[in-house]
Amino acid sequence: MTETARQLIIFDCDGVLVDSEPISIEVLVDALSAAGMPIDSEMVHRRFLGRSLGAVISTARDEYGLDINEAFLSAMRASLYDRFRAELEPMAGISEAVRGLAQENFDWCVASSSQKERIELSLTVTGLIDCFPNIFSATMVERGKPAPDLFLFAARQMGYEPSRCIVIEDSPAGVEAAKAAGMTVFAFTGGGHAKGTHYHQALLALEPDQTFDAMADLLHLVAKTGDRDGNQP
Ligand SMILES: [Mg+2]
């Protein structure tokens, strides 16, 4: 592989590296229902998947008049972290996929809507932390996904032009963000939450460059993808 053809693989974390969405959707639904917001997992899928907690807080406030205070958030975070420590699993095949990327001279990093503390906890309890030395959180930029800010920031920090980045995302908000950043985007549909037809339709409507549901296929798929400047690998 020539130097000019090198690409950066930018991984979302939740629903891509770790199978966290079934757990976090349950925790969010329980906490917000207890606070009086009529919410179910279908609504979380539709409106909040891949977005930051800030987006959830604004909706609760603006549409339901709920004041989500710091005590509520830290209680919810504590129960989420307890469940992550007890139940969170890495996405099947992810460490092998990253090992393959390293062997083929790709660079990679993580760019997630979650807080850095949560990303690090997720990767630590699943034994993945050593595979991901470069982690970028939406708290490092002004606008979260679906704005392109976080992906552009991560690419800049890693020394890559957007045209040489491939984003791996499971959520519509993340696919939208990658497209807005001018990057190639692969939609990953292998997570425990990625079952419903509505979810697949929402992802496909955004026309990702590729859709796949097994991490074992990742290396082969990125290896055959040229960059957006027309250079073939
Ligand atoms: Mg995600």
Side-chain angles (χ1 to χ4, degrees), residues 9-29 41-56 77 80 83-84 87-94 97-98 108-123 125-126 128 131-132 134-141 143-151 153-154 165-181 183-196 198-206 208-215 218:
I9 314 302
I10 304 179
F11 288 98
D12 173 45
C13 181
D14 294 290
V16 171
L17 301 180
V18 296
D19 205 1
S20 55
E21 292 296 7
I23 302 173
S24 48
I25 289 169
E26 252 180 58
V27 169
L28 188 65
V29 167
S41 59
E42 193 273 328
M43 177 180 170
V44 175
H45 261 108
R46 197 159 32 84
R47 300 200 49 191
F48 302 134
L49 204 66
R51 295 177 189 245
S52 68
L53 199 50
V56 180
R77 217 173 274 137
L80 181 70
R83 288 199 51 187
F84 276 6
E87 301 167 42
L88 190 59
E89 296 287 345
M91 206 57 79
I94 187 64
V98 169
W108 68 92
C109 65
V110 182
S112 161
S113 295
S114 293
Q115 291 184 323
K116 194 145 189 254
E117 168 194 74
R118 172 172 155 180
I119 306 168
E120 286 174 348
L121 174 77
S122 298
L123 296 178
V125 299
T126 50
L128 294 172
C131 302
F132 295 97
N134 297 297
I135 296 173
F136 304 99
S137 155
T139 56
M140 299 172 181
V141 295
R143 299 174 305 165
K145 302 170 189 177
D149 304 26
L150 176 60
F151 290 140
F153 176 76
C165 297
I166 300 176
V167 174
I168 316 299
E169 260 293 349
D170 67 302
S171 72
V175 172
E176 221 177 299
K179 291 223 148 200
M183 298 176 179
T184 298
V185 58
F186 289 4
F188 176 70
T189 58
H193 63 297
K195 301 276 189 277
H198 174 86
Y199 168 82
H200 284 262
Q201 280 166 351
L203 270 181
L204 289 179
L206 296 168
D209 297 279
Q210 181 77 53
T211 302
F212 73 115
D213 64 4
M215 280 300 168
L218 179 68

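Nothing here was measured: the structure is a model prediction, and the numbers come from that model. Both counts, for ligands and for their atoms, begin at 1 and track the order of listing.
When the N, O or S atoms of Asp170 are ranked by distance to the Mg ion (ligand 1), OD1 comes first. Looking at Asp12 and the Mg ion (ligand 1) together, the shortest N, O or S contact belongs to OD2. Taking the Mg ion (ligand 1) as reference, Asp14 places its N/O/S atom O nearest.
Side-chain atoms of Leu123 and Cys13, non-hydrogen and from C-beta on, do get closer than 4.5 Å to each other.
Between the side chains of Asp209 and Thr184, no donor-acceptor pair of N or O atoms lies under 3.5 Å. No side-chain N or O of Asp14 forms a donor-acceptor pair with one of Ser24 less than 3.5 Å apart.
Phe188 pairs with exactly one of Glu169, Gln210, Met91 by the side chain to side chain contact (heavy atoms under 4.5 Å, CB included) rule, that one being Met91.
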